[in-house]
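What follows is a set of notes on a single structure, which appears directly below.
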Amino acid sequence: MNMQVKQSIEEKFLVEAQSLAPHIVSAREEMDRERHIPDSLARLVNQAGVYRLFLPSSMGGPQLHPVTAYKVIEEVSKAEASVGWCGLLSNGGALFTGNFTPEAARDMFGLPPDFRCAGSFRPLGESRPVPGGYRVSGRWDYASGIANANWLFVNTRVVDDEGPRMTEEGRPATAMLFTPIDTATVHDTWQVVGLCGTGSNDFVLEDVFVPAERSFRLYDSPLEPGFLYHPRTMLIAIWVLVSAVALGAARGAMDAFKDMASGSGTTISTTLLRDRPHVQARVGEAEAIISGSRAYLLDAVARAWDSFSDDMPTPSPELAQARLAITHSIHQAARAVDILFHAAGTNAIHRSNGLERRWRDVHVVVQHGAGLLSNYEFGGQAMMGLRPNDAGW
């Protein structure tokens, strides 16, 4: 694919993402009430390709650069973080398809592909080997976007008649599997403070057969080559989208604050917020935090992409910087939103101005594994020439 064609494809996805904003905003109240993305909006999100940005080109997907995918998820997250979050989770599933043959994937998703994925990375269920595949049972949680998904991925502990199977390294053996959404029973458990529209409910599989061609071991070498699907870099590809939701929410908070500041005072003063020096300083600080952390993030991820090879050193300085930039950006996004929230005074608590929802959402995003403070520890180990106590560095 030549550079001009590739650029036009990337621009198309960004334009489509931007066009979703008015539809997302008009569906906010329904998302909060129903606690998932409405079907009508999900269809538009799907048509814009948001759920399959990382699907391999061999399977009919766009296989976007992670920086471009970041910008798409960031764009929809400016309007509503829940929509961006469901997009990032589906793209986590798209990364896993790099373990399938193109023929198996086309049989699963069709051509052009209809790929809308939810699932769980955690090995909460069990898979029992049987002729031709596995019988799978268990209950998984935090299945963001399950109300609009057509496929589920699940991580499982492999068992047989003698109990849990073990790997050669003495660890419990696991298997990742894909199964159609209609094989699961969904349980309504999503009652939360933020990301309310993600519908991240529990689901149960009861003795479901999964063919072998829809299964793989998580850290085996994938069939698809390249940065997106490699075991050491795949986590960067999906976690940069967590940053996209966080920084998109922060940018949405900034936009909401500026609108409010031009028309509101506070309960103790009629002076507009925008005309108060201390508010101006806080807005300037928040802008520097958002823009600065975003620039570090995109630069570090682009450098990691450019330095990729199958024989990268361990630890790789470029991968370490990307991982650090991801965690840093998530925490800085929350910090910026906090600054704006407090600068708004009592205005901030009203649902009508759009600031409080970004405050709630970003403080849920920061609880994700990509925001764990231990990521700083692993990054510090890498910076000092030590091997981090974590996979993927």
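All figures in this text were calculated on a predicted structure; none of them were measured in a lab.
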Test side chain to side chain contact (heavy atoms under 4.5 Å, CB included) applied to Arg274 and Val279, step by step:
CA-CA 7 Å; Arg274 70 176 185 186; Val279 171; over 6 Å; no
Walk me through whether Leu95 and Tyr229 qualify under side chain to side chain contact (heavy atoms under 4.5 Å, CB included).
CA-CA 6 Å; Leu95 293 178; Tyr229 314 106; 4.2 Å; yes
Ser58 and Glu224: side-chain hydrogen bond (donor to acceptor under 3.5 Å, both in side chains), yes or no, with the steps?
CA-CA 9 Å; Ser58 66; Glu224 290 285 338; 2.3 Å; yes
Mind running side-chain hydrogen bond (donor to acceptor under 3.5 Å, both in side chains) on Thr156 and Ser127 for me, showing each step along the way?
CA-CA 6 Å; Thr156 63; Ser127 56; 2.8 Å; yes
Walk me through whether Val337 and Phe257 qualify under side chain to side chain contact (heavy atoms under 4.5 Å, CB included).
CA-CA 10 Å; Val337 175; Phe257 185 92; over 6 Å; no
Can you list the steps and then say if Asp338 with His363 is a side-chain hydrogen bond (donor to acceptor under 3.5 Å, both in side chains)?
CA-CA 9 Å; Asp338 280 346; His363 283 282; 2.8 Å; yes
Does the pair Thr183 and Val210 meet the rule for a side chain to side chain contact (heavy atoms under 4.5 Å, CB included), with working shown?
CA-CA 10 Å; Thr183 61; Val210 177; over 6 Å; no
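With respect to Asp107 and Arg214, a salt bridge is recorded, a charged nitrogen being found less than 4.0 Å from a carboxylate O. Between Arg303 and Glu318, no side-chain nitrogen of the basic residue sits less than 4.0 Å from a carboxylate oxygen of the acidic one, so the salt-bridge criterion is not met. Classification of Asp160 and Arg128 as a salt-bridged pair fails, no side-chain N sitting under 4.0 Å from a carboxylate O. The pair Asp114-Arg52 does not count as a salt bridge, with every side-chain nitrogen at least 4.0 angstrom from each carboxylate oxygen. A salt bridge links Glu287 with Arg251; the closest basic N to acidic carboxylate O contact falls under 4.0 Å. Under 4.0 Å is where a charged nitrogen must lie from a carboxylate oxygen, and between Arg360 and Glu356 at least one such pair does. With respect to Arg357 and Glu80, a salt bridge is recorded, a charged nitrogen being found less than 4.0 Å from a carboxylate O. Between Arg28 and Asp32 there is no salt bridge, since no side-chain N of the basic residue sits under 4.0 Å from a carboxylate O of the acidic one. The existence of a salt bridge linking Lys71 and Glu74 is excluded, since no basic side-chain nitrogen approaches an acidic carboxylate oxygen closer than 4.0 Å. Between Glu126 and Arg135 no salt bridge is recorded (no basic side-chain N to carboxylate O distance below 4.0 Å).
Annotation: side chain of Val50 is not in contact with side chain of Phe13 (no heavy-atom distance under 4.5 Å). Ile330 has its side chain out of reach of His368: every pair of non-hydrogen atoms, C-beta onward, lies at least 4.5 Å apart. By the 4.5 Å heavy-atom criterion applied to side chains, Leu55 and Pro113 are counted as neighbours. Side-chain contact check for Arg217 versus Met176: every heavy-atom pair is 4.5 Å or farther apart.
The minimum heavy-atom distance linking Cys117 with Ser90 is given by the pair N-OG, 3.0 Å. Across all non-hydrogen atoms, the minimal contact from Asp188 to Arg35 is OD1-NH1, 2.7 Å. Between Pro231 and Pro222, the closest heavy-atom pair is CD-CD, 3.8 Å. Of all heavy-atom pairs between Asn91 and Leu53, the closest is OD1-N, 2.7 Å. The two residues Leu228 and Pro66 make their nearest non-hydrogen contact at CD2-CD, 4.1 Å. Heavy atoms only, all atoms of each residue included: Ala79 and Val25 are closest at CB-CG2, 4.3 Å.
Asn201 places no side-chain N or O within 3.5 Å of a backbone atom of Ala143 that could act as its donor or acceptor partner.
The closest side-chain donor-acceptor pair between Gln63 and Ser57 falls under 3.5 angstrom. Under 3.5 Å, the side chains of Glu206 and Ser137 contain no donor-acceptor pair of N or O atoms. Side-chain contact, Ser144 with Trp85: a donor N or O sits under 3.5 Å from an acceptor N or O. There is a side-chain donor-acceptor pair under 3.5 Å between Thr198 and Trp190.
Ring centroid separation for the pair Phe308 and His230 comes in under the 6.0 Å cut-off. The aromatic ring centroids of Phe115 and Tyr51 lie 6.0 Å or more from each other. A distance below 6.0 Å separates the ring centres of Phe178 and Phe100. Checked against a 6.0 Å centroid threshold, the rings of Trp140 and His187 do not count as neighbours.
Taking CG from Leu88 and OH from Tyr70, the interatomic distance works out to 12.5 Å, rounded to the nearest 0.5 Å. One finds the CD1 atom of Ile181 at 4.0 Å from the CD1 atom of Ile146 (value rounded to the nearest 0.5 Å).
Each of Phe121, Phe203, Phe96 was checked for a ring-ring contact (aromatic ring centres under 6.0 Å, His included) with Phe153, and the lone residue meeting it is Phe96.
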